[in-house]
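In what follows, a structure is listed as structure tokens, so that the remarks can point back to it.
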Amino acid sequence: MGHLVAAVDVGTGSARAGILDRRGKFLGRAEHPIEMNRHGAGRAEHDSEQIWQAVGLAMREALREAGVPPEDVAGISFDATCSLVVRDGQGRQLNLSGDDDPRWDTIVWMDHRAREEAEECTASGHRVVDHAGGTMSPEMQIPKVMWLRRRSPDIWKNIGYLFDLADFLTWKACGSLERSQCTLACKWGFLPEHGGWPVDFLSAMGLSDLREKAALPEKASPAGTDLGPLSDEAARVLGLTARCRVGIGLVDGHAGFLGILGRAATEPETIHRRFGLIAGTSSCVMALSKTPRFSRSVWGPHYGALLPDYWLIEGGQSASGALLDHIIQNHAAGGEPTPGRHHEICRRIAVLRAGEGPDLGGRIHVLPDFHGNRSPYADPDAIGVISGLTLDSSFAGLCRLYWRTAVAIALGIRQIVETLTSSGYEIDALHMAGGHSKNPILMRLYADATGLSIFEPTTEDAVLLGTAIVAAVAAGFYEDLASASHAMAQDETEHLPDGATRRRLDRDYRIFLAMQEHRREIDGLT
């Protein structure tokens with residue numbers, strides 16, 4: 001039997017793959033871009049077959065980097081964004097784009113086309129909505145499915161399968177139609193503690209036939225469930241063997257949280273204090289508890305969505321890394337928001353701050369809700385605001401705007417933390433996962449803005465580590481996710497808040513809150 005595991009993480013812009021040993025050490029890692037079809041700010045689609053091919057390319061490259069034979073890999077699992085894959089009864093792609101290109105069959109998680117349907121879900125007052133923070137988001141799957149039924153009847157009549165993207169990947173890997181309890185509980189309104197599918201809610205939303213139409217199972221499967229071996233075709237695409245076991249996976253942010261739980265996963269007396277900040281294209285703050293805790297604009301609590309017998313909650317920002325990309329793309333001195341460009345800007349900001357002090361760009365103030373506000377207002381129609389612009393189109397001007405946008409993102413996390421604290425959560429530190437752990441400006445700002453210690457993982461990729469933990473359970477290396485998380489835990493580096501900067505950011509936070517009030521006043525003017 002092999003002694004390694006493979007993990008796949010599909011984000012908004014790329015597919016990443018890793019080969020790890022049973023102690024959580026990376027032997028190889030690779031990444032391949034995925035495409036997106038945009039229709040303005042509110043609609044976005046992926047090509048699920050192109051995603052699958054990108055997964056294969058990344059996995060084969062990770063194997064080459066690791067320098068290990070495919071036979072050494074005993075288990076694999078997948079995490080992905082909560083995008084909706086739409087297939088016909090024969091499993092073929094259905095064209096969602098409205099043009100002549102038939103391959104765009106996946107509604108991206110950040111697509112907000114179903115705003116009206118989400119509002120109808122909220123108005124129902126059903127307990128499903130209570131588990132969505134009191135307001136249904138258009139990023140959830142039920143509003144998107146309602147939109148398909150109402151707005152695209154030609155597509156609807158041909159639908160045979162609907163998948164959360166992570167479940168689509170396990171279906172491609174081994175043909176299983178089982179669905180993850182993580183995806184169903186967090187994104188589909190599935191209520192494990194109340195028997196599963198909320199039949200009355202689905203009926204009220206015009207989806208009484210959803211389970212049959214989408215080939216959804218009656219029950220959900222916990223993350224790590226062994227779905228069987230890779231199919232011969234999937235083994236060929238991935239460069240692995242048909243003896244590799246497939247573990248049912250997770251939504252990407254939840255995989256990141258699992259990757260930073262570490263030894264706390266086996267410590268029930270402290271696990272509720274280990275908060276995760278999973279930040280990349282979007283950002284979320286996650287926590288677990290033994291009892292359900294409801295909070296306005298915070299998704300959850302979701303029972304068993306990560307670990308058995310625990311309730312998971314999630315507050316978040318719909319655009320954080322995506323907002324910094326947007327700032328670069330739309331500034332005269334910007335260009336393409338590549339990792340290299342971000343690093344160049346961060347280096348220049350360090351120089352400017354050394355010369356100009358902590359008040360760099362101090363009259364620029366930003367509300368970062370360029371793709372709505374997920375927490376604490378649950379308002380998908382909220383808009384971003386920038387105050388304090390001049391005619392400066394220089395690179396230094398871009399750096400000042402980037403810095404102040406990063407400040408606003410960190411202040412938004414502070415507001416989410418305060419929302420959770422007011423709901424009874426005890427937060428003494430945030431543990432990082434995701435791409436922002438590679439951004440030194442954000443790492444520093446998160447500590448200074450929240451006043452909390454920020455723990456940065458020393459692992460190469462905490463999200464892939466979380467998915468590798470799932471794969472290790474499917475491979476039989478460990479009995480359950482908690483013991484696997486404990487055994488594969490990696491060290492962390494602590495970032496302490498700076499008192500002087502914190503006091504400076506207190507003033508910015510007061511302005512941040514005042515700007516939110518002013519935005520509400522402006523929106524209310526007729």
Side-chain angles (χ1 to χ4, degrees), residues 82-86 107 109 111-153 155-157 159-167 177-222 251 254 291-306 311-316 372 374-375 377-381:
C82 54
S83 300
L84 179 68
V85 183
V86 183
I107 302 178
W109 67 270
D111 185 294
H112 278 192
R113 72 182 70 187
R115 289 194 302 273
E116 291 182 16
E117 288 74 15
E119 290 171 1
E120 184 175 341
C121 291
T122 299
S124 74
H126 195 276
R127 63 187 173 195
V128 165
V129 181
D130 294 337
H131 288 267
T135 304
M136 184 66 74
S137 169
E139 295 174 15
M140 298 297 185
Q141 305 299 19
I142 294 301
K144 290 175 180 174
V145 175
M146 291 169 63
W147 187 95
L148 285 171
R149 181 162 199 157
R150 295 174 177 179
R151 315 294 181 91
S152 299
I155 292 174
W156 180 260
K157 70 181 180 182
I159 287 174
Y161 300 94
L162 293 171
F163 296 98
D164 226 87
L165 183 52
D167 294 322
L177 287 173
E178 291 189 48
R179 310 300 171 88
S180 169
Q181 189 158 324
C182 178
T183 61
L184 293 188
C186 296
K187 307 302 176 183
W188 290 78
F190 187 85
L191 301 173
E193 71 281 11
H194 293 297
W197 292 107
V199 175
D200 57 339
F201 174 71
L202 295 177
S203 179
M205 297 301 110
L207 297 175
S208 57
D209 59 344
L210 176 62
R211 273 198 54 222
E212 294 75 20
K213 189 71 175 172
L216 293 165
E218 180 181 358
K219 301 295 183 183
S221 300
V251 177
H254 304 73
T291 57
R293 298 179 182 179
F294 293 85
S295 180
R296 183 182 179 276
S297 80
V298 174
W299 293 346
H302 303 300
Y303 184 70
L306 192 62
W311 298 81
L312 174 73
I313 59 95
E314 174 187 353
R374 190 184 298 171
S375 301
Y377 297 117
D379 182 3
D381 295 321

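Residue numbers start at 1 and run along the sequence shown.
Here the CD-CZ distance, from E119 to R115, works out to 8.0 Å after rounding to the nearest 0.5 Å. Rounding to the nearest 0.5 angstrom, the gap separating the OH atom in Y377 from the OG atom in S297 is 9.0 Å. For the atom pair L162 CG and I107 CD1, the distance stands at 9.0 Å (nearest 0.5 Å). To the nearest 0.5 Å, atoms NE2 (H302) and NE2 (H131) are separated by 8.5 Å. Taken to the nearest 0.5 Å, the CD1 atom of I313 stands 13.0 Å off from the CH2 atom of W311.
Closest approach of M136 to V128, counting heavy atoms only: CE-CG1, 3.9 Å. When all heavy atoms of G315 and S375 are compared, the pair lying nearest together is CA-OG, 3.4 Å. Minimum heavy-atom separation, A215 to G160: CB-O, 3.7 Å. Summarising the geometry of V145 relative to L84, their closest heavy-atom pair is CG2-CD2, 4.1 Å, with the distance given to 0.1 Å. Contact between C121 and M146 at its shortest, heavy atoms only, is SG-SD, 3.5 Å. Residues G300 and F294 share a closest heavy-atom pair of O-CD2, 4.2 Å.
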Quiz item: Would V129 and S124 count as a side-chain contact (heavy atoms from CB on, under 4.5 Å) if you check the C-alpha gap in whole Å, the side-chain angles of each, and the deciding distance to 0.1 Å?
Solution: CA-CA 8 Å; V129 181; S124 74; 4.0 Å; yes

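Within the 4.5 Å cutoff, the side chain of W147 has no heavy atoms near those of the P138 side chain.
Here the side chain of S83 pairs a donor or acceptor atom with the backbone of W109 at under 3.5 angstrom. Checking side-chain atoms of R374 against main-chain N and O of G316 turns up no donor-acceptor pair under 3.5 Å. For R179 (side chain) and L177 (main-chain N/O), a donor-acceptor pair under 3.5 Å exists by modelled atom type.
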May I have the list of side-chain donor-acceptor pairs in residues 196-208 shorter than 3.5 Å, sequence neighbours left out?
unit_1: W197; atom_1: NE1; unit_2: P217; atom_2: O; d: 2.8
unit_1: D200; atom_1: OD1; unit_2: H126; atom_2: NE2; d: 3.0
unit_1: D200; atom_1: OD2; unit_2: H126; atom_2: NE2; d: 3.1

Pairs under 3.5 angstrom only: tabulate donor-acceptor contacts from the side chains of residues 180-189 to other protein residues two or more places apart or in another chain.
unit_1: S180; atom_1: OG; unit_2: C182; atom_2: N; d: 3.0
unit_1: S180; atom_1: OG; unit_2: G249; atom_2: O; d: 2.7
unit_1: Q181; atom_1: NE2; unit_2: Y303; atom_2: O; d: 3.1
unit_1: T183; atom_1: OG1; unit_2: D167; atom_2: OD2; d: 2.7
unit_1: T183; atom_1: OG1; unit_2: S180; atom_2: O; d: 2.9
unit_1: W188; atom_1: NE1; unit_2: D164; atom_2: OD1; d: 2.9

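A salt bridge is absent between K219 and E178: the closest approach of a Lys/Arg side-chain nitrogen to an acidic carboxylate oxygen does not fall below 4.0 angstrom.
Sorted by first and then second residue, the salt bridge (charged side-chain N to carboxylate O under 4.0 Å, His left out) pairs with a member in residues 143-153 read E116-R151, E117-R151, E120-R150, R149-D209; sequence neighbours excluded.
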